[in-house]
Asker: 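Structure provided below as structure tokens; questions to follow.
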Amino acid sequence: MKRVLSVIGWFKNQELARKLILINFILIVLPLSVMGYFAFTRFASTLEQKVGDYQLQTMKQLTLNLDTYMAELDRLTLMPYQYEQITAFLESKREQGQALSLEEIKQLNSFVSQVFLNGRIDIVGVSLFGESGASYVVLPESQYVTTYRLDENAQWLQNEKGGNGQSIFITTHNIHSTSGTVYPVFSIARELRSFDSGKKLGYIVIDVDPTVIHKMISQVTLGTKEALYIMDQDGGVVVGKNRTMPQEALGGLYKDKAPEGVTHAALNGERQLVSYVTSSITNWTTVGIVPVSELMKDSLIMRNSIILFGVICMGLAMLMSVFLAFRITEPLRGLIRLMRKVERGDLLVSFPVKQWDEVGHLGKAFNTMVSKLSELGYLLYETEIREKDAQIAALQSKINPHFLYNTLGSISMYAEVDGNQEVVKMTNNLSRLLRYSLSSQKEHVNLEDELGHVLGYMTIQKMRYEDRIDFRLDRDEASLTCTVIPLIIQPIVENAINHGIDQGVGNGRITLTCKIEENVLRIVIEDDGIGMTEEQLADIRRRLQHSKDLGGSSGNGLLNVHRRIVLHYGESYGLMLESMPYQGLKVTMTFPAVFEKPDQMKGDAHA
């Protein structure tokens, strides 16, 4: 259950395009695959059944042909009953090696000739064995022999003794002519009895060339890898065709089964379709064996063709599904990209509405929202600027600049009369600072004027701290014509004195560096004061990033300066702080490197 819930949770968190692709995969690929599998399985099963039925009918026809041939041979074993001389010969008592009379030889040769004539060329030997020792054996390419005796332990003889005079068909075996030539034959044996007394007279055995059976089964074709066998009731192979298989495996194919049927077996590690029919005349079983893979070869080709066609169709369907999924969700992805721009502060975006479906209505609502956000942002910016201007105006209204300038001029005159140059220097610099701070109404000034203001401020501070402060200025000449916001550097320098050097012991150093790098004006104010702890530095950085406070009551101008830069130039510019305890503070200010235009410089000069 947990695994199912986990999969559902994973699916819910996927992108809409992936959800559509997965759903289409489930609705297209899985049903078609399952349907194709069951359809082919049913087709293969039906085809295998039909092939098995056909194979069984073929075995029946082959068995019928064999039975017809065997019935003709079986009738030959009844011929001794047509010749009284033959039954009399079998009933006579004979010593081993006793010679035959000319009349007996004539009668026996005539009988054997009739058998050969009736059996055509397929009969290769005829043997007569009397119960009292008489014997007459004709072998291929041999004269008749009268010294042969039956092997009392022969299996066919044991079967014949309980067969009530029925013929016994003996599986393929070898016989030897008097010249030593070996002939493979199968035989038919019958016990002969007297019609009058029912007394057993002996046996007749006819040896037959198995070539005729070979020809019969060679005319039957089940497949390129077929195997045809004729087996006796003990599992012995009478004749066989094609593949060689272990005799014990063949015997187990049909043993203890119905007289005919179709079954499956595993031979040599391969699944086989086996059909068998047992003859009612010979009790031999005709067995046909064909690998299932051979039977299903055409169906496998069709299966592979269907699979290939299905894979192509499903692949095209899935490609179309992927295309449509991304095509449908592309406007949503575009809307997401626009929203991310809005998150970064870019309100000059608009979603192109091309259709009036759900996405179109959503895009229209997005455009309306961005428009209202832009209006609210402009109103907020204007409010902050007006508030800042109001604060500066309120400060200026409280101080009469001309009164301050006249007063500082009188102090400087009296100090110069008394010869106090330090007071003269301090009042003159203070007068210039006040004039720069209160009289300047320009939105931007060049960096050279701003640095002059800082130098005047540092002159007063060095006199105040009795040269405890070592102030160093390193400026790039190309940067002096850059425009900056007025009164932007002096608060940071003042912060370095008040919170860095003033709280330390001994002398301190403040370094001011101005340079241009990659169209960015960088102003670095670095001191060697007490610095900040990690907690203090993290707190200041957080306030710089998130707070809109203009400095509060903390007395430092870091927040005020940073907020002014962001309002004028955007979020990409502002202050960056680096500090370690007792190793000073490094403040880096960044501005776009904008240079003052010549006509603007002339206008400022006239002003």
Asker: Are side-chain N/O atoms of Q61 and N65 paired as donor and acceptor at under 3.5 Å?
Answerer: yes
Asker: Does the side-chain contact (heavy atoms from CB on, under 4.5 Å) test come out yes or no for D232 and N283, once each step is laid out?
Answerer: CA-CA 7 Å; D232 63 14; N283 287 326; over 6 Å; no
Asker: Apply side chain to side chain contact (heavy atoms under 4.5 Å, CB included) to V349 and list each qualifying residue two or more places apart in sequence or on a separate chain.
Answerer: L338, K341, V342, D346, F366, V370
Asker: Mind listing the closest non-hydrogen atom pair of M59 and S275 along with its distance?
Answerer: CG-OG, 3.3 Å
Asker: Under the criterion side-chain contact (heavy atoms from CB on, under 4.5 Å), which of L62, V237, V238, T63 is the partner of I230?
Answerer: V238
Asker: Indicate yes or no: at least one non-hydrogen side-chain atom of S101 is less than 4.5 angstrom from one of K106.
Answerer: no
Asker: For the atom pair CD1 (I105) and CD (E103), what is the distance rounded to the nearest 0.5 Å?
Answerer: 10.5 Å
Asker: Supply the atom-to-atom distance F111 CZ to Q85 CD, rounded to the nearest 0.5 angstrom.
Answerer: 11.0 Å
Asker: Could you give the distance from CG (D207) to CD1 (I188), rounded to the nearest 0.5 Å?
Answerer: 9.5 Å
Asker: Please determine whether a side-chain nitrogen of the Lys or Arg among E343 and R337 lies less than 4.0 Å from a carboxylate oxygen of the Asp or Glu.
Answerer: no
Asker: Answer yes or no: is there an ion pair linking D539 with R542, defined by an N-O contact shorter than 4.0 Å?
Answerer: yes
Asker: What is the minimum heavy-atom distance between F129 and S135, and which atoms define it?
Answerer: CD2-CB, 4.1 Å
Asker: Evaluate the side-chain proximity of L128 to I86: yes if any heavy-atom separation is below 4.5 Å, no if none is.
Answerer: yes
Asker: Taking side chain as C-beta onward, heavy atoms only, is M79 less than 4.5 Å from T77?
Answerer: no
Asker: Check the surroundings of atom CD in E534: do more than 12 heavy atoms from other residues, nucleotides or ligands lie under 6.0 Å from it?
Answerer: no
Asker: What pair of heavy atoms forms the shortest contact from T329 to L20, and how long is it?
Answerer: CG2-CD1, 4.3 Å
Asker: How close do S167 and R190 get, counting heavy atoms only, and between which atoms?
Answerer: OG-NH2, 2.6 Å
Asker: Verify side-chain contact (heavy atoms from CB on, under 4.5 Å) between L32 and V29, making sure each step is shown before the conclusion.
Answerer: CA-CA 5 Å; L32 289 179; V29 176; over 6 Å; no
Asker: Judged by atom type as modelled, is there a donor-acceptor pair below 3.5 Å linking the side chain of T46 to the main-chain atoms of R42?
Answerer: yes
Asker: For M320, does the CE atom sit with more than 12 other heavy atoms under 6.0 Å from it, leaving out its own atoms?
Answerer: no
Asker: Given side chains that start at C-beta, do those of V353 and H361 come closer than 4.5 Å, heavy atoms only?
Answerer: no
Asker: Please report the interatomic distance NE2(H214) to CD(Q219), rounded to the nearest 0.5 Å.
Answerer: 13.5 Å
Asker: Just verifying a value: how many Å separate L90 CG and S92 OG, rounded to the nearest 0.5 Å?
Answerer: 7.5 Å
Asker: Ignoring hydrogens, what is the shortest heavy-atom contact between V208 and L73? Give both atom names and the distance.
Answerer: CG2-CD1, 3.8 Å
Asker: Are more than 12 heavy atoms, taken from residues, nucleotides or ligands other than L102, located less than 6.0 Å from that residue's CG atom?
Answerer: no
Asker: Is it the case that over 12 heavy atoms from other parts of the model lie below 6.0 angstrom from the CE atom of M369?
Answerer: yes
Asker: Could you check whether D74 and Y69, counting side-chain N and O atoms only, form a donor-acceptor pair closer than 3.5 Å?
Answerer: no
Asker: Can you tell me if N174 uses its side chain to pair, donor with acceptor, with the backbone of V182 under 3.5 Å?
Answerer: no
Asker: Does the side chain of L78 come within less than 4.5 Å of Y81's, by heavy atoms?
Answerer: yes
Asker: Which atoms form the tightest heavy-atom contact between E84 and T87, and what is the distance?
Answerer: O-OG1, 2.8 Å
Asker: Heavy atoms, side chains only, cut-off 4.5 Å: are E91 and S132 in contact?
Answerer: no
Asker: Rounded at 0.5 Å granularity, tell me how far OH in Y136 sits from CZ in F89.
Answerer: 8.5 Å
Asker: Evaluate side-chain contact (heavy atoms from CB on, under 4.5 Å) for Y276 paired with V262, printing each intermediate quantity in order.
Answerer: CA-CA 7 Å; Y276 59 93; V262 179; over 6 Å; no
Asker: Using a cut-off of 6.0 Å, state whether more than 12 heavy atoms not belonging to R333 lie near its atom CZ.
Answerer: yes
Asker: Between V290 and Q272, is there a side-chain heavy-atom distance shorter than 4.5 Å?
Answerer: no
Asker: Should we count CD of E571 as having more than 12 external heavy atoms under 6.0 Å?
Answerer: no
Asker: Passes side-chain contact (heavy atoms from CB on, under 4.5 Å), L76 versus E72? Steps please.
Answerer: CA-CA 7 Å; L76 296 179; E72 294 178 358; over 6 Å; no
Asker: Taking K215's backbone N and O only, do any of them form a donor-acceptor pair with S218's side chain (distance below 3.5 Å, no angle check)?
Answerer: yes
Asker: Given side chains that start at C-beta, do those of I213 and F186 come closer than 4.5 Å, heavy atoms only?
Answerer: yes
Asker: Under a 4.0 Å N-O cut-off, is there an ion pair linking E191 with R193?
Answerer: yes
